[in-house]
Amino acid sequence: MQGDGVATLDALMRALRIDLSTVVMEAQRQNVSIFWLTYSTFLVPFTNGQKTAGERKKAEDRGKDLEKDAELLPWESGPGGWLSVFTELAHKSKVDAAAFLSRTTGARSIFFLKQPGLEDAIAAVGEEVHRQYVVSLQPPPPQTAEFHSIRVETRGRP
């Protein structure tokens with residue numbers, strides 16, 4: 001799965017032969033909020049430190065030659081290479097399905113770079129979900145399949 005999830009979602013929707021508007025309508029009909037936690041595979045190599053030879057060894061072989069274990073390995077080009085720059089630019093030219101699904105279902109998209117950022121994002125989603133209210137409308141019988149507007153106001157708050 002790609003880090004940003006957009007390519008994966010696009011592939012899934014093509015495989016299922018559905019479009020984004022159908023996904024949004026069904027999510028809204030089911031009263032689902034889509035929170036999207038995402039990272040960039042392009043940026044990951046820039047957030048990691050340079051690896052040492054010792055990190056590549058099996059656990060039982062580490063520490064036998066401390067000087068050799070401390071040697072820095074060459075930087076990995078990995079997904080942060082020049083080819084991935086163009087891949088990342090191609091992704092930016094597409095519809096941001098994550099932001100669109102999150103926004104249209106009343107949720108949000110959260111970007112993170114490292115594990116602590118992911119943990120913070122999960123905690124933020126948990127807090128937000130627990131602060132939500134459910135407002136519903138029971139329309140008259142002949143209009144049940146249509147969307148209706150609801151306006152909610154609270155006292156003392158704009």
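Counting begins at 1 with the first residue of the sequence.
The side-chain hydrogen bond (donor to acceptor under 3.5 Å, both in side chains) analysis of residues 119-131, with sequence neighbours excluded, yields the pairs R108-E128, Q115-E119. Residue pairs meeting the salt bridge (charged side-chain N to carboxylate O under 4.0 Å, His left out) criterion with at least one member in residues 25-37, sequence neighbours excluded: E26-R29.
Partners of R151 by side-chain hydrogen bond (donor to acceptor under 3.5 Å, both in side chains), not counting sequence neighbours, listed by chain and number: E153. Applying the side-chain hydrogen bond (donor to acceptor under 3.5 Å, both in side chains) test to S33 and every residue at least two apart in sequence or in another chain returns nothing. Residues satisfying the side chain to side chain contact (heavy atoms under 4.5 Å, CB included) criterion with T104, sequence neighbours excluded, are V24, Q28, F100.
Rounded to the nearest 0.5 Å, atoms CG (L113) and CG (L118) are 11.5 Å apart. To the nearest 0.5 Å, the span separating OG1 on T38 from CZ on F112 amounts to 7.0 Å.
A99 and S109 get closest at one heavy-atom pair: N-OG, 4.0 Å.
Although no hydrogens or angles enter the test, the distance criterion places a donor-acceptor pair under 3.5 Å between the side chain of S102 and the main chain of I34.
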